[in-house]
Amino acid sequence: MNLDIILVGLVVGIANFISRFGPFYFIQKYQQQNQRRGAIWLKIALGSIGISAISSMLVVATLPPLIETPDKSLAMLAGFLVLIGLYFRFRKIVPATLTAAIVYGLVYTYIPV
């Protein structure tokens with residue numbers, strides 16, 4: 001794997017974590033007088049790590065195919081849109097992922113761009 005791709009994944013992961021964790025941390029710091037349950041920001045930080053890791057893996061997984069075959073970015077976009085649309089519509093990740101993979105494969109194979 002290329003070092004540039006690893007660095008992009010790390011930067012995306014760190015930026016995503018800071019953008020999710022930072023606001024909650026500062027809100028919690030400024031509202032300490034209303035706090036009753038302890039360090040809520042720690043729970044938020046641990047919850048943000050998973051989302052950041054998934055976003056970083058997504059960037060690292062999609063960047064090499066886009067660099068190698070930029071003409072097939074339409075297939076990747078179609079797959080992502082189907083995945084997002086079906087997941088938010090039905091809240092079930094497995095059927096959404098499988099359908100998105102099928103759409104990606106069909107667009108990648110049959111639509112010449």
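The structure presented is a predicted model; accordingly, all values stated were derived computationally and were not measured.
- Interatomic distance, OG1 of T109 versus NZ of K72, reported as 7.5 Å (0.5 Å rounding).
- Residues S73 and P70 approach most closely at OG-O, 3.2 Å, considering heavy atoms.
- Linking Ile, Leu, Val, Met, Phe, Trp and Tyr whenever their side-chain heavy atoms come within less than 4.5 Å leaves V82 and Y110 in two separate clusters.
- Taken from CG in L77 to CZ in F80, the straight-line distance is 9.0 Å, to the nearest 0.5 Å.
- Side-chain heavy atoms closer than 4.5 Å link hydrophobic residues (I, L, V, M, F, W, Y) into clusters, and following such links, even through other members, never connects V11 to L66.
- Here the straight-line distance linking atom CG of L86 with atom CZ of R91 works out to 12.5 Å at 0.5 Å rounding.
- Residues A75 and V107 approach most closely at CA-CG1, 3.4 Å, considering heavy atoms.
- The side-chain heavy atoms of I93 and L83, taken from C-beta on, include a pair separated by under 4.5 Å.
- I84 and V94 fall within a single hydrophobic cluster, where Ile, Leu, Val, Met, Phe, Trp and Tyr side chains are chained together by heavy-atom contacts under 4.5 Å.
- Nearest heavy atom pair, residue Y104 against residue G79, reads CB-CA, 4.4 Å.
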